[in-house]
Participant: 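Right, I'll just put the structure down here and ask away after.
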Amino acid sequence: MKKVFSAMRPTGKLHLGHLLGALKNWVSLQKEYQCIFAVADWHALMSEYENSGELRANGVEMAIDWMACGIDPEKSILYRQSDVAGHLELQMFLSCLTPLGWLERNPTYKEQLREITTRDLQTYAFLGYPVLQAADILLYKADAVPIGEDQLPHLELCREIARRFNSIYERQVFTDCKAILTATPRLLGTDNRKMSKSYGNTINLSDNAKDVEKKVVSMITDPKRVRMADPGHPEECNVYSYYKVFASQEAPGCYEWCSRALKGCVECKRNLAGHINQTLAPIREKRAGLEKDKAKVAGILEEGAVKAAKIAAQTLAEVREAVF
Ligand code: TRP
Ligand code: SF4
């Protein structure tokens with residue numbers, strides 16, 4: 001079976017954006033690939049080094065979210081990145097041959113330095129973020145990597161680093177890996193900005209039905225629709241784009257009642273909340289079961305690390321053989 005590798009940083013609760021942008025895709029990839037999914041705690045530490053106390057617990061919570069959504073530890077390897085030492089060893093081999101300019105030019109890096117002002121990211125490790133990410137992928141010789149578009153520059157760097165390794169040591173140790181981009185459109189947060197924990201505009205997989213309803217009812221709607229008798233413009237309303245994702249069979253109906261001013265926005269949103277809750281109900285139920293047995297989840301991550309380390313050891317043996 002071909003291999004898929006992906007990872008998420010355990011920086012907080014997972015939300016609908018993660019479900020649609022990544023997890024749904026991960027779940028279906030399990031059918032065709034040997035999947036390896038890592039809790040990228042080293043990557044999280046690069047920005048949360050002053051706030052590291054929650055990373056371990058967050059990692060378990062994230063694994064619970066994954067499994068609640070259908071990531072199956074019987075099929076896939078789930079583990080914590082820092083439990084497999086090989087990531088750092090391969091990172092060193094790759095760091096030695098990665099030109100500084102490749103990292104300094106990385107658009108994602110430049111953007112994050114500009115945008116993230118609450119932490120000091122002018123560190124040695126953070127510049128090397130994509131080198132560790134390349135090590136993650138290459139350690140398992142992954143054939144494909146499901147990622148968001150924002151991660152494409154990192155995958156491109158991974159390929160360049162792999163080619164440079166093969167060329168310097170004159171061995172085809174690494175092969176090219178391809179990106180698997182998710183087709184689903186991006187969901188905005190409840191305030192029409194990008195859905196992100198730092199904006200406080202997320203609907204979380206762990207939210208209960210009441211919280212979801214409250215958040216949905218607070219969503220920003222078509223600003224031109226002031227009174228209920230005013231016809232709305234569904235194409236300009238974030239609520240309508242949620243209908244297309246969570247209640248696609250009702251989206252034409254929504255278009256109709258909105259543009260003809262047949263229903264008010266509150267009713268429209270309450271109805272949407274019901275659909276989102278329907279989607280989340282089975283996840284919530286599974287989540288609650290797993291929450292009761294966190295020790296088991298921690299155990300699954302540990303077993304995953306043992307399996308991952310076996311694959312990693314093979315790659316590292318080849319790498320050492322090629323280099324030393
Ligand atoms: N950088 C990724 C993100 O923030 C997480 C990540 C770490 C990753 N290592 C990876 C993704 C390897 C894909 C492959 O989303
Ligand atoms: Fe948005 Fe629904 Fe109100 Fe139309 S009726 S503006 S789709 S919330």
Side-chain angles (χ1 to χ4, degrees), residues 3-12 14 17-18 21-23 25-26 35-48 62 80-82 84 87 90-91 106 108-109 112 116 126 128-140 142 144-159 177-182 190 192 196 216-244 247 250-273 275:
K3 275 177 272 175
V4 148
F5 180 90
S6 201
M8 278 186 207
R9 286 169 300 133
T11 50
L14 296 194
H18 296 112
L23 285 171
N25 201 17
W26 288 17
C35 293
I36 305 168
F37 298 124
V39 175
D41 53 354
W42 283 127
H43 281 104
L45 190 63
M46 289 179 190
S47 55
E48 304 304 318
M62 192 162 82
R80 210 189 295 271
Q81 184 189 31
S82 67
V84 177
H87 289 260
L90 185 56
Q91 183 196 27
N106 170 14
T108 314
Y109 174 68
Q112 291 191 316
I116 302 175
F126 194 67
Y129 186 110
V131 185
L132 180 60
Q133 185 160 342
D136 296 345
I137 297 164
L138 299 174
L139 192 56
Y140 304 101
V145 185
I147 41 168
E149 237 172 273
D150 61 314
Q151 295 290 313
L152 279 177
H154 288 165
L155 200 67
E156 194 45 51
L157 263 171
C158 170
R159 287 198 205 99
C177 52
K178 66 170 207 277
I180 301 180
L181 290 174
T182 21
T190 50
N192 289 358
S196 159
V216 172
V217 168
S218 79
M219 276 172 77
I220 294 179
T221 56
D222 173 11
K224 288 191 222 124
R225 194 174 183 210
V226 184
R227 279 177 231 91
M228 194 182 143
D230 300 338
H233 306 80
E235 297 293 1
E236 287 160 43
C237 181
N238 192 21
V239 174
Y240 179 63
S241 46
Y242 273 61
Y243 266 91
K244 289 197 270 190
E250 242 181 56
C254 171
Y255 194 95
E256 179 89 358
W257 73 56
C258 177
S259 54
R260 298 179 53 202
L262 303 174
K263 262 195 217 288
C265 290
V266 174
E267 187 182 351
C268 177
K269 290 194 274 190
R270 285 237 162 82
N271 183 53
L272 171 66
H275 287 286

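Keep in mind the model is a prediction, meaning the values are calculated, not measured. Every number for a ligand or one of its atoms is a count from 1 in the order of the listing.
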Participant: Is the shortest distance from a heavy atom of Cys265 to ligand 2 less than 4.0 Å?
Facilitator: yes

Participant: Hey, which atoms in ligand 2 end up nearer than 4.0 Å to a heavy atom of Asp222?
Facilitator: 6 (S)

Participant: As an exercise, identify every atom of ligand 2 less than 4.0 angstrom from a heavy atom of Cys237.
Facilitator: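 Under 4.0 Å from Cys237, ligand 2 has these atoms: 1 (Fe), 6 (S), 7 (S), 8 (S).
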
Participant: Ion pair present between Glu48 and Arg9, side-chain N to carboxylate O less than 4.0 angstrom?
Facilitator: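 The answer is no: the pair does not qualify as a salt bridge.
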
Participant: Hey, is Glu235 close enough to Lys244 for a salt bridge, meaning N to O under 4.0 Å?
Facilitator: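 Salt bridge between Glu235 and Lys244, a charged N being under 4.0 Å from a carboxylate O: yes.
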
Participant: What atoms in ligand 1 come closer than 4.0 Å to a heavy atom of Asp136?
Facilitator: 7 (C), 9 (N), 10 (C), 12 (C)

Participant: I'd like to check which ligand 2 atoms, numbered from 1 as shown, lie under 4.0 Å from a non-hydrogen atom of Val239.
Facilitator: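 Per the distance check, 1 (Fe), 8 (S).
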
Participant: Can you find an N or O of Ser6 that's nearer than 3.5 Å to an N or O of ligand 1?
Facilitator: no

Participant: Do any of the N/O/S atoms of Cys258, backbone or side chain, fall under 2.8 Å from atom 1 (Fe) of ligand 2?
Facilitator: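 It does not: Cys258 brings no N, O or S atom closer than 2.8 Å to atom 1 (Fe) of ligand 2.
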
Participant: Could an N or O of ligand 1 be found under 3.5 Å from any N or O of His154, whether backbone or side chain?
Facilitator: no

Participant: At a 4.0 Å threshold, what atoms of ligand 1 neighbour a non-hydrogen atom of Gln151?
Facilitator: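 Answer for ligand 1: 1 (N), 2 (C), 3 (C), 4 (O), 15 (O).
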
Participant: Determine whether the side chains of Tyr243 and Asn271 contain a donor N or O and an acceptor N or O closer than 3.5 Å.
Facilitator: yes

Participant: Look at the side chain of Arg159 and the backbone N and O of Cys177, then say whether any donor-acceptor pair between them is shorter than 3.5 Å.
Facilitator: yes

